[in-house]
Amino acid sequence: MVRRLEFTQPSLKGKLEVPGDKSISHRAVMFGSVAEGVTTISHFLEGEDCLSTIDCFRKLGVTIEQNGTDVKVHGKGFAGLTAPNEVLDVGNSGTSIRLLLGLLAGLPFEMTFTGDESIAKRPMKRVVGPLRQMGAQISGRDDGNLVPLTLKGSALTGIEYKLPVASAQVKSAILLAGLQADGETTVIEKERTRDHTEKMIQSFGGEISVDGMRISVRGGQTLQGGHIYVPGDISSAAFWLAAGAIVPDSEITIESVGLNPTRTGIIDVLREMGADMDVILDKGTGSGEEIGTITIRHSQLHGTTIGGDIIPRLIDEIPIIALVATQAKGQTIIKNAEELKVKETNRIDAIATQLGRLGAVITPTEDGLIIEGEQSLRGGKADSLTDHRIGMTLSIASLLADGPVELENEDAISVSYPSFFEDLDRLLS
Ligand code: S3P
């Protein structure tokens, strides 16, 4: 579907709570399903990706009641899950497939996973490799790298695995498999990535040890259901933080947003670029996740260099950071971000090409982007492709364009932020 975006001298003002965190919503359903007892989830993200996770667990025999952002999962324990008689279709969701491959690898039955045209291109070997080392039997195209993948449950043994890429999905898949493996499973991180899995194992009563970059779990643990409140997704809030910073005469406050330090690289970068911003920590969610309020006002920003261990802390925010950089004084360089190539699209290409269609001057590099500052943006056609974050970045860009933007494939946005355009309207009025 195509959406026409046309604004005259917009300014964004007001308070907003963004939808629940995607990473935490997925995990709450996953842990709730394999735990004993009932898990209630509030402020769940009703986006397509997380609904795909619910759908997969229903096919595995779990009763899940979903009423908007309230979800009740009737946990069955690992042993209570049953063989699905349909293919598990994860849609666009990399987190669903990668974490489920780990979580389900030790179950005594067979299942097949598939997904949409974007998932069909995304590498699964990064999880299939270590899971095979643990004893998992996984087959599929390109020696088990590409969907459809078939997992034949088998007994697992704990391993020690040094992550070759900074990926929370790979880390989580191995730790989740470790919960069912014989002995101890240890993952050694290359760079610190989002730690929602570690936090959630603890809030479901499990034991996990984190010693610097070494994270270990013991097999054979029983998890206990409970209540999970999902904070607002900082990766969704990032679009309003960016808009507040670059659209003249704007002031936006985002309340109840997750501020887990493994996710707040966007705040550090905006501060470094000179944003006028206040961040106030609230008292936490009760499940170990930090939460707070951010207010941002329009100001003149300057370019920066982004690379090294901050990259995993803002990997999903790079499309919108690239847009912010087009409005800053001077050049911005993003490096060490080769992981962008295996996201919902090859984001290095997608950012340069699609923002380029609106007049931005962005050079793709092997591991990132070079973005020229103080660019005037123009109207025209641009495409979300199969990528929600590209779609939202282009929508924010349209606020600065000198003519209408025709956004192709706008429906991609519903993967993580179905109410994005309603929230935009609210801030414009
Ligand atoms: C996620 C981890 C990140 C991120 C994705 C969600 C997660 O992927 O890009 O949107 O929930 O663990 P990688 O682990 O591949 O970096």
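Numbering of residues begins at 1 and proceeds along the displayed sequence. Counting starts at 1 for both ligands and their atoms, following the listed order.
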Salt bridge present between R263 and D233 (N-O < 4.0 angstrom): yes
Taking the side chain as C-beta and beyond, is there a heavy-atom pair between F44 and D21 under 4.5 Å? no
Is there a donor in the side chain of T69 and an acceptor in the side chain of E46, or the other way round, less than 3.5 Å apart? no
Considering the heavy atoms of K22, write down every atom of ligand 1 situated less than 4.0 Å from one of them. 10 (O)
Consider side-chain hydrogen bond (donor to acceptor under 3.5 Å, both in side chains). Of K162, R214, K171, which one does E189 pass it with? K171
What do we get for H196 next to ligand 1 when only non-hydrogen atoms under 4.0 Å count, side chain, backbone, both or neither? neither
I'd like to know if E339 and R126 make a salt bridge, using a cut-off of under 4.0 Å between side-chain N and carboxylate O. yes
For atom 1 (C) of ligand 1, which protein heavy atom lies nearest, and how many Å away is it? Q169 NE2, 3.6 Å
Measure the distance from atom 6 (C) of ligand 1 to every protein heavy atom, then report the residue, atom name and distance (to 0.1 Å) of the closest one. T95 OG1, 3.4 Å
N/O to N/O below 3.5 Å, does that happen between S172 and ligand 1? no
May I have the step-by-step check of side-chain hydrogen bond (donor to acceptor under 3.5 Å, both in side chains) for T293 and E255, ending in yes or no? CA-CA 4 Å; T293 302; E255 296 178 310; 5.3 Å; no
What is the closest protein heavy atom to atom 10 (O) of ligand 1, and at what distance does it sit? D316 OD2, 2.8 Å
Could K283 and E290 be called an ion pair, given the rule that one side-chain N must be under 4.0 Å from one carboxylate O? no
Short N or O distance, S23 and ligand 1, threshold 3.5 Å exclusive: yes
Would you indicate which of K343, R27, E344, R389 comes nearest to atom 13 (P) of ligand 1 when only heavy atoms are counted? K343
Considering distance alone, does some N or O of A168 sit under 3.5 Å from an N or O of ligand 1? yes
